[in-house]
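First the proteins, then the strands, lettered A, B, ... as listed; each starts at 1.
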Amino acid sequence: MRHGMRFLSLPEMVSRYVHSGATLYIGGFAFDDPLAVAHEIVRQGIRDLTVIKSSGGIVVDLLIGAGAIRRLLVSHLWNSVGPTPAHAFRRAVERGQPPIELEELSYGAFTCGLLAGGMGLPFMPTTPLMGTGTFGERTFLPDKLATVRSPFDPASEVVVVKAIAPPLGIFHVARVDREGTAQILGPVAETRLAMAACQRVLLIAEEVVDTAAIRSRPECTVAFGAQVEAVAVVPFGAFPTDCHGYYRRDLAYHLEYAQATASPEGFEAYVAREVRGVADHGEFLARLGAERLAGLATRQERWWSVA
Amino acid sequence: MRHGMRFLSLPEMVSRYVHSGATLYIGGFAFDDPLAVAHEIVRQGIRDLTVIKSSGGIVVDLLIGAGAIRRLLVSHLWNSVGPTPAHAFRRAVERGQPPIELEELSYGAFTCGLLAGGMGLPFMPTTPLMGTGTFGERTFLPDKLATVRSPFDPASEVVVVKAIAPPLGIFHVARVDREGTAQILGPVAETRLAMAACQRVLLIAEEVVDTAAIRSRPECTVAFGAQVEAVAVVPFGAFPTDCHGYYRRDLAYHLEYAQATASPEGFEAYVAREVRGVADHGEFLARLGAERLAGLATRQERWWSVA
Amino acid sequence: MSFARMLLRAAAEIPEGGVVFVGFHWPMLVARVARRVYGRRFLEVYENGVVVDRLSEEVPTSPCDFRFMDSAVAALGSMEALYLVLGRGRCDLAILDAPIVDRHGNVDSTCVGPYRHPRVRLAGSGGAAELGAFGRTLLVTSNREARSYPAQVPFVTTPGLVVGGAAREELGYPSGTGPVGLVTPLGMLRPDAGRRELLLVERFAGVSPDEVAATFGWPAVGRWDDVAVWPEPDAEALALVDDELARARSNFYRLPEEVVG
Amino acid sequence: MSFARMLLRAAAEIPEGGVVFVGFHWPMLVARVARRVYGRRFLEVYENGVVVDRLSEEVPTSPCDFRFMDSAVAALGSMEALYLVLGRGRCDLAILDAPIVDRHGNVDSTCVGPYRHPRVRLAGSGGAAELGAFGRTLLVTSNREARSYPAQVPFVTTPGLVVGGAAREELGYPSGTGPVGLVTPLGMLRPDAGRRELLLVERFAGVSPDEVAATFGWPAVGRWDDVAVWPEPDAEALALVDDELARARSNFYRLPEEVVG
């Protein structure tokens with residue numbers, strides 16, 4: 001195809017597209033969170049990223065603790081099982097270890113910013129946020145939010161959010177076909193908007209399926225090959241979060257992560273063992289064990305039926 | 001349920017909710033066009049409506065010719081099979097027979113106006129339309145479009161569309177369950193936005209299905225009972241347009257309509273015969289004949305499988 | 001016991017047949033208690049686009065824990081949930097976890113201490129700003145400590161009745177929105193008649209004036225005798241809540257110390 | 001024959017592997033001809049949210065004629081199609097039916113004569129404004145009459161190179177957008193080097209200078225000798241177009257008089 005979508009391994013994808021100092025949108029909203037990507041970024045020693053992500057979770061916490069992130073735009077960041085603190089995030093913000101620059105939007109404003117960016121429009125009215133800290137506090141995006149007077153009601157000041165249009169985004173999806181048509185099964189949060197907003201889109205997918213399966217659920221399509229730079233097939237790429245139709249979140253792993261990373265030393269040991277201590281995501285999964293992964297599986301045949 | 005959604009017959013629905021002089025959004029975009037509703041409005045002699053519809057089609061042409069519409073906001077109006085002229089619309093606009101007030105938006109601006117109305121926001125940036133006739137010509141909505149200076153780029157003037165938030169909308173959907181959860185199978189055009197934008201929503205549906213069918217395709221849900229005032233079950237309610245999953249458009253009927261309504265006298269005879277000459281949509285369908293309708297059926301079991 | 005009462009009291013606010021926007025954390029348990037104890041039927045809308053109308057077997061750890069997708073009637077996106085439903089005013093109630101809340105009902109879920117040098121960094125807004133901007137908001141908290149109830153929060157994540165000195169209506173928040181109640185382990189606070197600050201209108205049995213005075217960082221009681229006492233829940237209700245908490249615990253919920261079994 | 005050449009010439013513009021936003025009417029036939037005659041592979045995006053990547057057996061009468069849904073890879077909405085794909089600049093080409101077009105490539109699909117008192121009322125914009133605002137737009141028309149090519153259209157439905165005296169870039173249209181060609185039964189017009197008006201750069205065999213002068217309401221030719229002649233299509237291509245037109249006719253397409261069989 002003219003647009004040149006190609007299949008790559010995850011290490012190849014990360015080394016070709018994600019460079020130190022880059023700005024990177026990471027898909028997922030506490031589901032389809034691509035931990036496999038974060039691990040690979042850390043393994044490749046990439047640093048100084050500007051990361052944009054709606055819901056931080058373990059993916060961003062890990063990247064912060066590993067020193068991969070310089071600037072971060074999020075709407076919230078936690079370990080949602082428990083919930084337990086995201087320790088690396090807390091150490092970075094409370095103690096500057098390591099230092100990050102943090103910028104925040106409410107999830108609604110974040111969504112509207114992606115909507116504007118995805119639609120090719122310069123800004124979008126959004127949630128009234130006057131008086132909130134989110135409106136008032138600005139760091140590396142001093143013009144993230146503003147107000148305009150409504151041309152239809154001069155008495156009314158409307159909060160608007162500037163378009164968010166990241167140069168590069170990486171998203172976990174459920175499945176693709178050979179042409180790169182990508183689907184998420186179930187709720188999509190801001191995924192469609194974010195994929196449109198990103199100038200270039202990378203995908204990691206659970207599997208390649210026959211195009212007949214894609215065509216039986218065309219309403220689940222979130223991207224097509226011509227929008228996509230590259231695809232990596234990475235089973236359990238969203239572990240330990242949910243990939244609907246394939247597996248559910250590993251609750252225990254969320255706690256294990258929180259406990260292991262509660263101290264800086266623990267964090268280092270965790271990364272040495274679980275991230276740098278393995279060659280790739282396959283080895284990471286092998287250590288978890290087939291039985292553990294099988295226990296998470298939720299595959300339902302209705303998603304694959306093409307009758 | 002507290003919100004009081006109820007099942008009504010189509011004649012009851014129209015007589016309770018659609019009064020002369022009302023403002024009515026009509027759903028459908030050359031598919032799911034509820035001709036059954038237009039027929040019932042004409043049978044009940046309702047007049048002076050302000051109708052808002054994205055794509056006019058036979059539904060609006062019929063309402064114009066029958067004198068039911070005083071004001072009309074559309075993005076286009078034609079008989080898309082052929083295509084052939086929408087004769088009643090042309091007579092109204094070219095010769096004032098009967099007179100209507102016509103206001104227009106491009107389909108994109110129309111969609112953005114519904115997006116703003118549906119989101120509860122006062123306006124939305126939209127397609128740049130400066131210099132177009134659509135931007136310049138205004139009739140009964142003098143402030144349909146405006147420009148604002150971007151707060152993020154003072155050199156840039158941005159075209160914005162005022163929120164469209166009709167008080168009442170009537171939409172054809174594929175199916176509902178007993179609780180009023182409504183689904184459209186396949187593409188949705190502006191339906192989700194329009195349903196959100198309308199203050200009160202009425203539905204006509206092909207059939208009531210078990211909630212298990214609904215739950216097997218939750219991504220196809222366009223409304224739930226608490227958003228809906230009333231539902232009428234009207235098989236072939238979108239005839240002669242497509243209702244995806246149930247039937248496809250009757251191409252010949254589109255031409256028959258165009259030929260029958262090419263003159264004012266023909267139009268009157270058509271309405272007397274096909275609309276006022278039958279008691280209800282069931283009788284209209286019976287005259288078409290079961291064989292003709294069966295020939296349009298496209299029901300595929302995959303939409304009903306709950307495996 | 002006070003945690004169970006808090007869940008029960010909050011659950012009682014959910015209107016039969018209503019549409020309820022449910023925030024993360026305790027609000028998800030409140031919704032379950034409303035179904036199990038009060039038999040309420042209502043629609044739960046979540047910010048990720050999930051819409052649920054019945055109880056799932058397991059307690060989901062967050063709205064993005066899709067073990068409850070079998071109870072879903074719609075799987076949409078965040079724009080649909082946050083704006084086409086909540087922003088458009090379709091929700092009867094929005095239930096929000098309130099880690100720190102002030103006299104005006106402003107909620108801070110971002111930081112303890114100054115924003116740029118916080119003593120404790122919390123999760124941040126997510127959709128909490130939207131719940132407070134567009135919703136009739138029921139705030140719930142399991143906190144008993146005075147530090148959770150300052151006169152003024154250090155960071156307004158979710159706008160309350162008065163934000164930065166201005167009434168919320170003056171700031172562009174839609175009319176009819178804002179906090180309608182704050183359920184705490186001590187009892188229920190409501191906006192006063194002028195809708196400017198939260199006052200205790202109902203207390204749980206055994207809660208004393210001193211305890212209230214020591215907890216809230218503002219004069220949260222007018223006349224003590226005007227504060228109603230919420231009837232103690234019966235054994236059946238408590239047993240159902242206990243069962244719910246056992247399910248939550250088995251899915252790794254961190255429960256308040258009083259109920260950690 | 002001139003209609004077949006028009007379809008073939010327009011179809012040749014569709015880029016292999018591209019994303020093409022396809023408007024109603026002739027553009028849908030152009031897309032089919034590109035697949036059948038040239039074997040092009042590309043994605044068709046329609047304003048109602050349908051995305052198609054292969055030929056359907058039947059000729060759909062409009063994008064809302066779902067007999068072609070079996071060839072669809074995506075079933076989305078209009079916001080997705082018009083903005084998230086087209087508005088975001090993801091399309092290589094947008095193909096638009098142009099009932100009336102002027103020297104600047106402005107298209108009128110709204111009215112013949114004054115807007116408020118039209119001699120002939122046409123369908124109106126639909127997404128035509130968006131195709132011209134956001135797309136690299138290929139205009140196609142089967143019209144041969146001079147009235148379809150005025151120097152200035154009475155109503156600008158779709159913005160061209162110069163709109164109301166101002167260059168489109170000055171009016172806020174994204175750079176890189178606008179008409180890239182106009183395919184007519186006489187040949188192909190392109191924006192001139194200054195991108196201000198449409199000039200005939202290719203003619204079909206047998207088209208004369210007089211015919212051109214009598215058709216276009218502006219001086220549409222620089223030097224006649226600079227106008228290339230498009231090679232006549234071969235018999236195989238014409239046979240495929242004939243078959244396509246037969247299918248269209250069987251689905252009630254109203255074809256130009258020359259081909260009405």
Enquirer: Measure D:L122 against the heavy atoms of chain B and call it side chain, backbone, both or neither at under 4.5 Å.
Expert: backbone

Enquirer: Given that the side chain runs from C-beta out, which part of B:F89 has a heavy atom under 4.5 Å from chain D: side chain, backbone, both or neither?
Expert: side chain

Enquirer: For the backbone of B:L141 and the side chain of B:E103, can you confirm whether one donor and one acceptor N or O come within less than 3.5 Å of each other?
Expert: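 It does hold such a pair.
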
Enquirer: Flag the one option from D:D65, D:L171, D:V50, D:L76 with the top tally of heavy-atom pairs under 4.5 Å to chain B.
Expert: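 Looking at each option in turn, the highest pair count goes to D:D65.
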
Enquirer: Just checking, is any N or O donor in the side chain of B:Q183 or B:T221 under 3.5 Å from an acceptor N or O on the other one?
Expert: yes

Enquirer: How many angstroms lie between CZ in B:R138 and CG in B:L145, if you round to the nearest 0.5 Å?
Expert: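 Atom-to-atom, B:R138:CZ and B:L145:CG are 5.5 Å apart.
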
Enquirer: Do D:W218 side-chain atoms and D:L198 backbone N/O form a donor-acceptor pair below 3.5 Å?
Expert: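 Between the backbone of D:L198 and the side chain of D:W218 there is a qualifying donor-acceptor contact (under 3.5 Å).
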
Enquirer: Should we count CD of D:Q152 as having more than 12 external heavy atoms under 6.0 Å?
Expert: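 No, the 6.0 Å shell around CD holds no more than 12 heavy atoms from other groups.
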
Enquirer: Using non-hydrogen atoms and a 4.5 Å limit, figure out which bit of B:L255 sits close to chain D: side chain, backbone, both or neither.
Expert: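 When you check distances to chain D, only side chain atoms of B:L255 fall under 4.5 Å.
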
Enquirer: Side chain, backbone, both or neither: which part of B:S55 has a heavy atom under 4.5 Å from chain D?
Expert: neither

Enquirer: Of B:W304, B:F31, B:F236, which is the lone residue that meets ring pair (Phe, Tyr, Trp, His ring centres under 6.0 Å) with B:Y246?
Expert: B:W304

Enquirer: Report the option among D:G126, D:G172, D:P174 that has the most heavy-atom pairs separated by less than 4.5 Å from atoms of chain B.
Expert: D:G126

Enquirer: Top residue by heavy-atom pair count (under 4.5 Å) with chain B, among D:N48, D:V51, D:V163?
Expert: D:N48

Enquirer: Quick one, B:D242 with D:R67, criterion salt bridge (charged side-chain N to carboxylate O under 4.0 Å, His left out). Give me CA distance, side-chain angles, the key distance, then yes/no.
Expert: CA-CA 9 Å; B:D242 287 71; D:R67 60 194 70 211; 6.0 Å; no

Enquirer: More than 12 heavy atoms of other residues, nucleotides or ligands under 6.0 Å from CD of D:E145: is that the case?
Expert: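 Check passes, neighbour count above 12.
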
Enquirer: Between the side chains of D:N143 and D:S148, does any donor sit under 3.5 Å from an acceptor?
Expert: yes

Enquirer: Among B:S75, B:G56, B:G186, which residue forms the greatest number of heavy-atom pairs with chain D at distances under 4.5 Å?
Expert: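 Greatest number of close heavy-atom pairs with chain D: B:S75.
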
Enquirer: In terms of heavy-atom proximity below 4.5 Å to chain D, should B:L102 be classed as side chain, backbone, both, or neither?
Expert: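 Contact with chain D involves both backbone and side-chain atoms of B:L102.
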
Enquirer: Run the salt bridge (charged side-chain N to carboxylate O under 4.0 Å, His left out) check on D:D192 and D:R196 step by step: do they pass?
Expert: CA-CA 6 Å; D:D192 72 347; D:R196 295 307 211 104; over 6 Å; no

Enquirer: Would you mind telling me which of B:L115, B:L185, B:T241, B:V188 has the largest number of heavy-atom pairs within less than 4.5 Å of chain D?
Expert: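 Of the candidates given, the most pairs with chain D belong to B:V188.
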
Enquirer: Let me know if D:Y83 has heavy atoms under 4.5 Å from chain B in its side chain, its backbone, both or neither.
Expert: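 The side chain, not the backbone.
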
Enquirer: Taking side chain as everything from C-beta outward and backbone as N, CA, C, O, which of these in D:V120 sits under 4.5 Å from a heavy atom of chain B? Side chain, backbone, both or neither.
Expert: both

Enquirer: Please answer whether the main-chain N or O of D:R121 pairs with a side-chain N or O of B:E94 as donor and acceptor at a distance below 3.5 Å.
Expert: yes

Enquirer: Could you have a look at D:P63, D:G124, D:A81 and say which one has the most heavy-atom pairs with chain B under 4.5 angstrom?
Expert: D:G124

Enquirer: Could you look at B:T84 and say if it's the side chain, the backbone, both or neither that has a heavy atom under 4.5 Å from chain D?
Expert: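 Contact with chain D: backbone and side chain both.
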
Enquirer: For B:E190, is it the side chain, the backbone, both, or neither that has a heavy atom closer than 4.5 Å to a heavy atom of chain D?
Expert: both

Enquirer: Determine the interplanar angle of the B:Y257 and B:F267 rings, folded into 0 to 90°, and report it as parallel if under 30°, tilted if 30 to 60°, perpendicular if over 60°.
Expert: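 Ring orientation, 0 to 90° scale: perpendicular.
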
Enquirer: Only pairs of heavy atoms separated by less than 4.5 Å count here; which of B:A86, B:S156, B:S106 has the most with chain D?
Expert: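 Ranked by heavy-atom pairs under 4.5 Å with chain D, first place is B:S106.
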
Enquirer: If you count heavy-atom pairs under 4.5 Å with chain D, which of B:P83, B:G131, B:P85 comes out on top?
Expert: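 Answer, by heavy-atom pair count under 4.5 Å with chain D: B:P83.
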
Enquirer: Test side-chain hydrogen bond (donor to acceptor under 3.5 Å, both in side chains) on B:T139 and B:R71 and set out the steps.
Expert: CA-CA 10 Å; B:T139 61; B:R71 290 177 157 177; over 6 Å; no

Enquirer: Let me know which of B:V93, B:I100, B:L63 forms a side chain to side chain contact (heavy atoms under 4.5 Å, CB included) with B:L72.
Expert: B:I100

Enquirer: For chain B, which residues from residues 105-117 of chain D have at least one heavy atom closer than 4.5 Å to it?
Expert: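 Expected list: D:T110, D:Y115, D:R116.
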
Enquirer: Are B:Y247 and D:F66, when compared by the centres of their aromatic rings, separated by less than 6.0 Å?
Expert: no

Enquirer: For a 4.5 angstrom cut-off between non-hydrogen side-chain atoms, does B:V161 reach B:C112?
Expert: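 Counting from C-beta outward, B:V161 and B:C112 do come under 4.5 Å.
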
Enquirer: What part of B:L114 lies closer than 4.5 angstrom to a heavy atom of chain D: side chain, backbone, both or neither?
Expert: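 Neither part.
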
Enquirer: Under 4.5 Å, counting heavy-atom pairs only, tell me which of D:A123, D:A75, D:G132, D:S125 racks up the most with chain B.
Expert: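 The answer is D:A123.
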
Enquirer: Using heavy-atom distances under 4.5 Å, tell me whether B:R248 contacts chain D through its side chain, its backbone, both, or neither.
Expert: side chain

Enquirer: For the residue pair B:H76 / B:E104, report whether a side-chain donor-acceptor contact shorter than 3.5 Å exists.
Expert: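 Not at all, the side chains of B:E104 and B:H76 share no donor-acceptor pair under 3.5 Å.
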
Enquirer: Side chain, backbone, both or neither: which part of D:L82 has a heavy atom under 4.5 Å from chain B?
Expert: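 Contact with chain B is through the side chain of D:L82 alone.
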
Enquirer: Output the residues of residues 134-141 of chain D for which the shortest heavy-atom distance to chain B is under 4.5 Å, in residue-number order; output 'none' if no such residue exists.
Expert: D:F134

Enquirer: Can you tell me if B:D32 uses its side chain to pair, donor with acceptor, with the backbone of B:V173 under 3.5 Å?
Expert: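 Answer holds: no.
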
Enquirer: Report the relative orientation of the aromatic rings in B:F239 and B:Y253; use parallel for angles under 30°, tilted for 30 to 60°, perpendicular for over 60°.
Expert: perpendicular

Enquirer: Using modelled atom types and a 3.5 Å cut-off, is there a donor and acceptor pairing between side-chain atoms of D:R103 and backbone atoms of D:Y149?
Expert: no

Enquirer: Quick one: which of D:E170, D:H25, D:E47, D:E130 has the most heavy-atom pairs under 4.5 Å with chain B, could you say?
Expert: D:E130

